[in-house]
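Before I ask anything, here is the structure I am working with.
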Number of protein chains: 2
Amino acid sequence: MAATLHDVARLAGVSIKTVSNVINDYPHVRPTTREKVQAAIAELGYTPNLTARNLRSGKTGAIALALPDLGLSYFAELAADVIAEAEKAGVVVLVEQTGGDRQRELDLLRSPRLKLTDGLIFSPLGMGQEDVDALEVPYPMVVLGERIFDGPVDHVTMQNVEGARAATEFLIANGRRRIAVVGAHEGEVIGSAGLRTRGYVQGLEAAGIPYDEGLIAYTTTWHRANGATAMRDLLARGAEFDAVFGLNDTLALGAMRVLQEAGIDVPGDVHVIGWDDLDEAKYSIPSLTTVDPGRRWIARTAVRTLLDRIANPTEDHRSLLLADYRIVERESAPALQRESVTAP
Amino acid sequence: MAATLHDVARLAGVSIKTVSNVINDYPHVRPTTREKVQAAIAELGYTPNLTARNLRSGKTGAIALALPDLGLSYFAELAADVIAEAEKAGVVVLVEQTGGDRQRELDLLRSPRLKLTDGLIFSPLGMGQEDVDALEVPYPMVVLGERIFDGPVDHVTMQNVEGARAATEFLIANGRRRIAVVGAHEGEVIGSAGLRTRGYVQGLEAAGIPYDEGLIAYTTTWHRANGATAMRDLLARGAEFDAVFGLNDTLALGAMRVLQEAGIDVPGDVHVIGWDDLDEAKYSIPSLTTVDPGRRWIARTAVRTLLDRIANPTEDHRSLLLADYRIVERESAPALQRESVTAP
DNA sequence: CTGAAAGCGCTAACAC
DNA sequence: GTGTTAGCGCTTTCAG
């Protein structure tokens, strides 16, 4: 079995307290003693048992990140950012997938498995405002996303309404009038789909363009396949549009594919804008104009806020932290002046 | 603070052993006692302290997964599969990113942070055969990938040479003779790039087609941008080819984008095949023919093998487990007979 | 500067 | 059936 403090102490001929002092580099240790101990540590290949240390200290040095599915690019990139940021703080990340299922999310919040961590970054997808009370948990938590607001915890999220409105206005400024939406959720008010749709409506209103239900394509989950299906529906029912707002990049890419299959040119006939600024948005054909909702900032802020909350558990934490967004202009929806330059 | 066994025992008027018996549903507990205890548990909102349990049992119920970067789609999908499989076994997964950097990988193997887990699924990218001794670690480990063979641990991987040869033969069978490779690594023998390139060469040889160095495009990392750059190089130096073998899907998609920018039709002028069968390969334009290297099987097998190794630490584990591969035929490299059918 | 000893919360002999 | 008790390996008063 692995060596323990006792083994090291015995070999070095000192007490375990002295070994402990050396390990935690407590300053007042005689240099000769320190060397003896370090030699013994090296000889035995001793490494501290973190479980014991954690039991003692009540901390684990790990945080949990719960998200729907790493197969969804947005969440994969978010997780990459969270892990990288946690690493800077010397903290390790345990990743849980909920599948975006409400019951699994609720179960997770009460799971004893979270006891392995000091706190949770929670990105729900199935839960809604009615579950706000479930966020009252006995451990530090930071909530992401836009399923639940005004919970008893810190909340880091993006500016969905504002960003979507900006995306819509961007399309309108480039001469688009009939903007289809791919990925709306029927009757949803809160949640990414609901909020981004609201921003879309605001953008139309500001420009005096009437809202047309016939341009809205609904989906369940935001997979590529659903973006493709939604676009096929739109085409099948004869919708006429000169732009598409994919409520995320994945949907937009799926929709774009169907457009091209149907012989509709992007951006010649139809402009397409997405949301997320995934890595792949740079490399699609054409490259995808999109809204960067500040994912890196969200990851960084979530980790820092959680660690702060862990360090100061008594303070009240229920701030709402909003990331900046910006439109990343690429080929699928060029701005007017560029279009006139690049057109043949 | 959170309630402990003692608190529950005191409230229920029993000893902690009885409470422990109830929690671990030990059969011989009088029903009335059980109820009393359960009531106390509910009242106090007691949940067991896993850290203490782990210290006692020497297990943590967690495994670590170390991979280069979740921002790389293949690893994100692999991680999703690993976490899902681990969850079935009631085990939680701690994800570490190494950036594919050799030193970080070596450091990770010796990191005390791994003490928080019962074992490691390790997917190195920077380490090589010369580091095989570093795999001799005092905890259960399963190695993935093709950087290191014949280590002192179980190894789960894909059939790189065979799959690449099959991909090459597939292209040849469809009339292709000049097949460019995107993503080779200069001078590499082992490792994904080296092995897949070897399979490519074998495929050419079997068909009596001479190897042409001018058709090989080298890259460092396998990001989309590098696939694009490699293809630009190939075009810039006037290479003539009628097919492209992207050593992974991401490279193939980047290369395909550049081909189309250059007015080269896929698959009309050039066939493209990738490797990985990422989700997005289904939805690119055109959809990407690719080699499915058995990623799900690898994830499942890695988790099961590791858990088995954790349960039976004494047995010698140094098996080599190989996934089946298969060619997933899509639009970017249609098979001959289908091409003639679907052509207008 | 270093040693002795208590105890973090839990499980598992071992009694009764 | 249920209670007592001894640790798991570590940190941390408190003495010396």
Side-chain angles (χ1 to χ4, degrees), chain A residues 1-41 44-62 112-118 138-139 313, chain B residues 1-41 44-62 112-118 138-139 313:
Chain A
M1 285 306 298
T4 74
L5 271 189
H6 282 96
D7 300 328
V8 177
R10 199 176 316 119
L11 182 61
V14 298
S15 83
I16 62 168
K17 174 59 161 84
T18 305
V19 180
S20 175
N21 283 343
V22 171
I23 289 164
N24 301 295
D25 37 47
Y26 179 72
H28 308 300
V29 179
R30 198 179 302 163
T32 56
T33 314
R34 180 183 302 277
E35 276 170 30
K36 259 194 313 191
V37 172
Q38 276 163 343
I41 289 175
L44 293 171
Y46 169 80
T47 59
N49 180 319
L50 289 192
T51 305
R53 188 177 279 178
N54 294 342
L55 175 57
R56 204 34 247 233
S57 68
K59 299 247 168 297
T60 68
R113 309 199 308 187
L114 289 178
K115 276 280 167 60
L116 287 172
T117 64
D118 297 330
Y139 48 82
Chain B
M1 285 309 297
T4 75
L5 270 190
H6 282 96
D7 300 329
V8 177
R10 199 176 319 123
L11 182 61
V14 298
S15 83
I16 61 167
K17 174 58 163 76
T18 305
V19 180
S20 176
N21 283 343
V22 171
I23 289 165
N24 301 297
D25 38 46
Y26 178 71
H28 308 299
V29 179
R30 196 178 304 163
T32 55
T33 314
R34 182 184 301 277
E35 275 170 31
K36 259 194 313 188
V37 171
Q38 277 163 342
I41 288 175
L44 293 171
Y46 169 81
T47 58
N49 181 320
L50 289 193
T51 305
R53 187 178 282 178
N54 293 343
L55 175 58
R56 192 52 240 236
S57 67
K59 300 245 169 295
T60 68
R113 309 199 308 189
L114 289 178
K115 275 279 167 62
L116 287 172
T117 63
D118 297 330
Y139 47 83

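Below, chain A is the first sequence line, B the second, and so on; all start at residue 1. Side chains are part of it too, since the values below use all heavy atoms of this structure and drop only hydrogens, waters and symmetry mates. Every value quoted in this text rests on a predicted model; they were computed, and no experiment measured them.
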* **Contact summary for B:Arg34 and B:Asp25, nearest pair of heavy atoms** =>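 In this case the closest contact between B:Arg34 and B:Asp25 is NH1-CB, 4.4 Å.
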* To do: Name the nucleic acid region contacted by A:Arg53, choosing base, sugar-phosphate or nothing; use a 4.0 angstrom heavy-atom cut-off, strictly under.
  => sugar-phosphate
* Rounded to whole angstroms, how far apart are CG on A:Leu50 and P on D:dT11? -> 9 Å
* Asked: Looking at D:dG9, C:dT2, C:dC10, which one has an atom nearest to any side-chain atom of B:Pro48?
  ->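 Nearest listed nucleotide: C:dC10.
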* Starting at atom NZ of A:Lys17, determine the distance to atom P of D:dT11, rounded to an integer number of angstrom. => 10 Å
* How many Å lie between NZ on A:Lys36 and P on C:dT2, as a whole number? ->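 Checked: the NZ to P distance equals 8 Å.
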* To do: Measure the OH-OG1 distance between B:Tyr139 and A:Thr47 for me, rounded to the nearest 0.5 Å.
  =>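 Reported to 0.5 Å precision, the distance equals 10.0 Å.
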* To do: State whether A:Ser20 places a side-chain N or O below 4.0 Å from either non-bridging phosphate oxygen (OP1 or OP2) of D:dC10.
  =>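 False: A:Ser20 side-chain N/O out of range (4.0 Å or more) of D:dC10 OP1/OP2.
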* To do: Can you figure out which of C:dC8, C:dA5, C:dA4 approaches the side chain of A:Leu55 most closely?
  =>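 The nucleotide sitting nearest to the side chain is C:dC8.
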* Asked: Whole Å only: how far is the NZ atom of A:Lys115 from the P atom of C:dC8?
  ->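 A:Lys115 atom NZ is separated from C:dC8 atom P by 15 Å.
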* Can you tell me how far P of C:dC8 sits from CG of B:Leu5, to the nearest Å? -> 12 Å
* Just call it for B:Asn24: base, sugar-phosphate, or nothing, with non-hydrogen atoms closer than 4.0 Å on any strand. =>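 The answer is sugar-phosphate, as B:Asn24 gets under 4.0 Å only of primed atoms, P, OP1 or OP2.
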* Asked: Heavy atoms under 4.0 Å, any strand shown: does A:Thr33 hit a base, just sugar-phosphate, or nothing?
  ->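 The answer is sugar-phosphate, as A:Thr33 gets under 4.0 Å only of primed atoms, P, OP1 or OP2.
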* Euclidean distance, atom CZ of residue B:Arg56 to atom C1' of C:dG7 [Å, nearest integer] ->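 Computing the B:Arg56:CZ to C:dG7:C1' distance gives 15 Å.
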* Asked: Of the non-hydrogen atoms in A:Arg113 and B:Leu50, which two are nearest, and what is the gap between them?
  ->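 Scanning both residues completely, I find the closest heavy atoms to be CA-CD1, 3.7 Å.
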* Shortest non-hydrogen separation from A:Ala62 to B:Leu116 and the atoms involved ->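 It is CB-CD1, 4.4 Å.
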* To do: Can you see which heavy atom on B:Thr60 is nearest to which on B:Thr117, and at what distance?
  => OG1-CA, 3.4 Å
* To do: To the nearest Å, give me how far apart CZ (B:Arg30) and C1' (D:dT2) are.
  => 9 Å
* To do: Whole angstrom is fine here: how far is it from CZ in B:Arg10 over to P in D:dG3?
  =>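 Going from CZ in B:Arg10 over to P in D:dG3 covers 14 Å.
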* Asked: Does B:Thr18 make a side-chain N or O approach to OP1 or OP2 of D:dG3 shorter than 4.0 Å?
  ->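 It does, given that an N or O in the side chain of B:Thr18 lies less than 4.0 Å from OP1 or OP2 of D:dG3.
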